[in-house]
Asker: 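Mind having a look at this structure? Questions to follow.
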Amino acid sequence: MADPKLTAPRGTRDLLPEDAPWWERAETVARELAHRYGFSRVEIPLFERVELFARGLGESSDAVEKEMFRVSGARGSDEERAEWALRPEPTAGIVRAFIEHGMHVRPGPLRLTTIGPMFRYDRPQAGRYRQFTQWDVEVIGDPGPAVDAELIELGHRFYRDLGIAGVEARVNSIGDATCRPAYREALVTYFAAHTERLTDDSRRRLHLNPLRVLDDRHLDPELAAGAPRSVDHLCDACRAHFETVLRLLDALGCAHVVDHRLVRGLDYYTRTSFEFYVAGREGQQDALGGGGRYDGLVELLGGPPTPGIGFGIGLDRTILAMQAQAVPLPAPPPLVAVVGATDDGVARLRVAGALRDVGIAVRPDGSARKLGKQIESAVKAGARWAVIVGEGELERVALKDLASGEQRDDLDIPAVVAAVRLT
RNA sequence: GUGGCCUUAGCUCAACAGGCAGAGCAUCGGAUUGUGGCUCCGAAGGUUACGGGUUCGAAACCCGUAGGCCACCCCA
């Protein structure tokens, strides 16, 4: 039993070998798709100033209000004692980098992607961790609406390529600086007349961030049904934008439903919002990813007015869905064990090297154990083949198929390579 | 941050109403001196999550703490 004080911090997990193939698969598909959609990889720090997240996500967002994972600074200068926080999401940092490096002068729109850990100080549960991993894509400088649909289509393609069935996009439009103020007032007026039917949280948010009252799952269904809908308050430009997004999604065959209660009620979030849900995990952590347009964010953080849109997909939950649906994983390349009980060990390493030279995965057994033990160990390690090195010239070896048990003797290395490559 | 359930070997779980902590699987070794899987034999593996309390005696009962899960909250 491990020392209880020396365990992984609450809400964090170790990635163990048995889960690695799932992560490899999800990350590989994400990176390959990002490349195929014209995205370039970026990396940003795991921590930033608290103020960046406070402004980038909004003071009233849960991520800032109660889930910020603060990092205590060092002693010393003001700089060293600045307030830091582990990143709860990547968009603020990427936009910060966009501004800091003057990327608005680059030929745009820019397509940026990253994969990495995010941190939220929340109470852990299955599918909800304090450290979790997101695949993120951002398009900066493209006003849409085509790119809005393209990103939703990209999300769908990601889940489909992984073999996850039953993913649905929920989409909404929350307008922009032109039309949202009036919508916001309409919500305040409507809910203010029914405050006795609101939860405490919703009452508090009513004036701070009225759109988020719609988020409240305890919202009286009758009250919710009668609430003003953002799509009915869109200005002409926002309505045209949203209608085009929906039309493109239909044309692309992307499963989606309009969810009038899907909101991101901060001033710099604009127009298109969307989240990806998977069937069969209702009531659990069933949101696999989400994103939206943030046409006001670059300017808010000090850059030139620049539209932007992106999404973050949670790989932890994606992998839980893959495992729940038992999606097939591609077979790994065959592993070859090199064993032998009569050589001095050098021959085994030289044979292993010769096979590695041509790209074959090799697990040599350098031990002095009996040959039977070496083969047993190789099978348990997942080896598909065993190359048995004997006495005499190391160019002549035996190749044993560990699945069928068949063995061919007296082969040279090229013959071994040819046989292995057929699997 | 609120409420509930849970925690015994690496894993899955036993252990009467409080009386010597066990099994299966996995691991390692032997039977088998250069050929795995089946079988048989053996070994190792425990501060019963942690800390207190009650008791002649606690894995079990009580309190606290930590962690996991579930429902909230929210989201990824």
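Every chain is numbered from 1, with letters handed out A, B, ... down the list of sequences.
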Asker: Examine A:H194 together with A:Y190 and report whether their ring centres are nearer than 6.0 Å.
Answerer: yes
Asker: If you look at every strand shown and take non-hydrogen atoms under 4.0 Å, does A:G291 touch a base, only sugar-phosphate, or nothing?
Answerer: nothing
Asker: Flag the pair A:S273 / A:R293 as yes when at least one side-chain heavy-atom distance between them is below 4.5 Å, and no otherwise.
Answerer: no
Asker: So if I take every side-chain heavy atom of A:R128 and compare against B:G36, B:G1, B:G30, which nucleotide ends up nearest?
Answerer: B:G1
Asker: Under the 3.5 Å rule, do the base of B:A76 and the side chain of A:R120 count as making a donor-acceptor pair?
Answerer: yes
Asker: Identify whether any heavy atom of A:Q125 sits under 4.0 Å from a base atom; if not, whether one sits that close to sugar-phosphate; answer base, sugar-phosphate or nothing.
Answerer: base
Asker: Among B:G34, B:A76, B:C69, which nucleotide sits nearest the side chain of A:A126?
Answerer: B:C69
Asker: Any base atoms under 4.0 Å from A:G405, or only sugar-phosphate, or nothing? Heavy atoms, all strands.
Answerer: base
Asker: Could you check whether A:D148 pairs with A:R271 (Lys NZ or Arg NE/NH1/NH2 to Asp/Glu carboxylate O, under 4.0 Å)?
Answerer: no
Asker: Using atom P in both nucleotides, what's the gap between B:C20 and B:U39 to the nearest angstrom?
Answerer: 34 Å
Asker: When you compare B:G24 with B:A58, how far apart are their P atoms, in angstrom units rounded to a whole number?
Answerer: 29 Å
Asker: Using whole Å, what does the distance between atom C1' of nucleotide B:C75 and atom CZ of A:R130 come to?
Answerer: 15 Å
Asker: Taking atom CD as the centre, does A:E51 end up with more than 12 heavy-atom neighbours from other residues, nucleotides or ligands that are less than 6.0 angstrom away?
Answerer: no
Asker: Indicate, with a heavy-atom threshold strictly under 4.0 Å, whether A:A337 touches base, sugar-phosphate, or nothing.
Answerer: nothing
Asker: Expressed as a whole number of Å, how far does the C1' atom of B:G45 sit from that of B:G22?
Answerer: 13 Å
Asker: Nearest to the side chain of A:R212 - B:U35, B:C74, B:G68?
Answerer: B:C74
Asker: Between A:D122 (CG) and B:G67 (P), how many Å, whole number?
Answerer: 14 Å
Asker: Using a strict threshold of under 4.0 Å (side-chain N to carboxylate O), is an ion pair present between A:E43 and A:R41?
Answerer: yes
Asker: If you write RNA chain B from 5' to 3' in dot-bracket form, with Watson-Crick or G-U pairs under 3.5 Å, [ ] for crossing pairs and | for pairs with another strand, what do you get?
Answerer: (((((((..((((.....[..)))).(((((.......))))).....(((((..]....))))))))))))....
Asker: How do A:E376 and A:I313 order along RNA chain B: which one's closest nucleotide is nearer the 5' end?
Answerer: A:E376
Asker: CG of A:D365 versus P of B:U35: gap in Å, rounded?
Answerer: 15 Å
Asker: Taking only the side-chain heavy atoms of A:R10 (C-beta and beyond), determine which of B:G29, B:G68, B:G36 contains the nearest atom.
Answerer: B:G68
Asker: Quiz question: going by heavy-atom distance under 3.5 Å, is there a donor-acceptor pair between the base of B:G67 and the side chain of A:T7?
Answerer: no
Asker: Counting any heavy atom closer than 4.0 Å, what does A:I388 reach on the DNA or RNA strands: base, sugar-phosphate only, or nothing?
Answerer: base
Asker: Indicate the atoms forming the closest heavy-atom contact of A:R363 with A:A381, along with that distance.
Answerer: NE-CB, 3.2 Å
Asker: Provide the distance between the two C1' atoms, one in B:A44 and one in B:G19, to the nearest whole Å.
Answerer: 28 Å
Asker: Is A:Q407 touching bases, backbone alone, or none of the nucleic acid, heavy atoms closer than 4.0 Å?
Answerer: base
Asker: Cation over ring, A:R13 on A:Y129, under 6.0 Å and within 45°?
Answerer: yes
Asker: Can you check the distance between B:U7 and B:A59, where both ends of the measurement are the P atom (answer in whole Å)?
Answerer: 15 Å
Asker: Write down the distance between CG (A:D14) and C1' (B:G10), rounded to a whole number of angstrom.
Answerer: 14 Å
Asker: Between B:G34, B:G3, B:C75, spot the one nearest the side chain of A:D286, thanks.
Answerer: B:C75
Asker: Considering all heavy atoms of both residues, which atom of A:V139 and which atom of A:Y294 are nearest to each other, and what is their separation?
Answerer: O-OH, 4.4 Å
Asker: Pick the P atom in B:A66 and in B:G51, then give their distance to the nearest Å.
Answerer: 15 Å
Asker: Rounded to whole Å, please give me the gap between NZ in A:K400 and C1' in B:G36.
Answerer: 7 Å
Asker: Report the nucleotide, chosen from B:G36, B:C75, B:G34, that has the shortest atom-to-atom distance to any side-chain atom of A:R317.
Answerer: B:C75
Asker: Looking at A:F47, A:Y121, A:F53, A:W84, which one forms a ring-ring contact (aromatic ring centres under 6.0 Å, His included) with A:F69?
Answerer: A:Y121
Asker: Please tell me which of the listed nucleotides, B:G30, B:C69, B:A76, lies nearest to the side chain of A:P124?
Answerer: B:C69
Asker: Among B:U35, B:A76, B:U27, find the nucleotide with the atom closest to the side chain of A:K380.
Answerer: B:U27
Asker: Students often get this wrong, so: under 4.0 angstrom with heavy atoms, is A:K370 touching a base, only sugar-phosphate, or nothing?
Answerer: sugar-phosphate
Asker: What's the closest nucleotide to the A:E67 side chain, out of B:C74, B:U35, B:A76?
Answerer: B:C74
Asker: If you apply the rule salt bridge (charged side-chain N to carboxylate O under 4.0 Å, His left out), what do you find for A:D122 with A:R130, and how did you get there?
Answerer: CA-CA 6 Å; A:D122 202 354; A:R130 289 182 172 179; over 6 Å; no
Asker: Taking atom P of B:A76 as reference, at what distance in whole Å does atom CZ of A:R87 sit?
Answerer: 15 Å
Asker: Would the base of B:C74 count as contacting A:R123 through its side chain, where contact means a donor and an acceptor less than 3.5 Å apart?
Answerer: no
Asker: Assuming nearest nucleotide by heavy-atom distance, tell me which of A:G372 and A:Y121 is located more 5' along RNA chain B.
Answerer: A:Y121
Asker: Using the P atom as the reference point in each nucleotide, state the distance between B:U65 and B:G1 in Å, no decimals.
Answerer: 12 Å
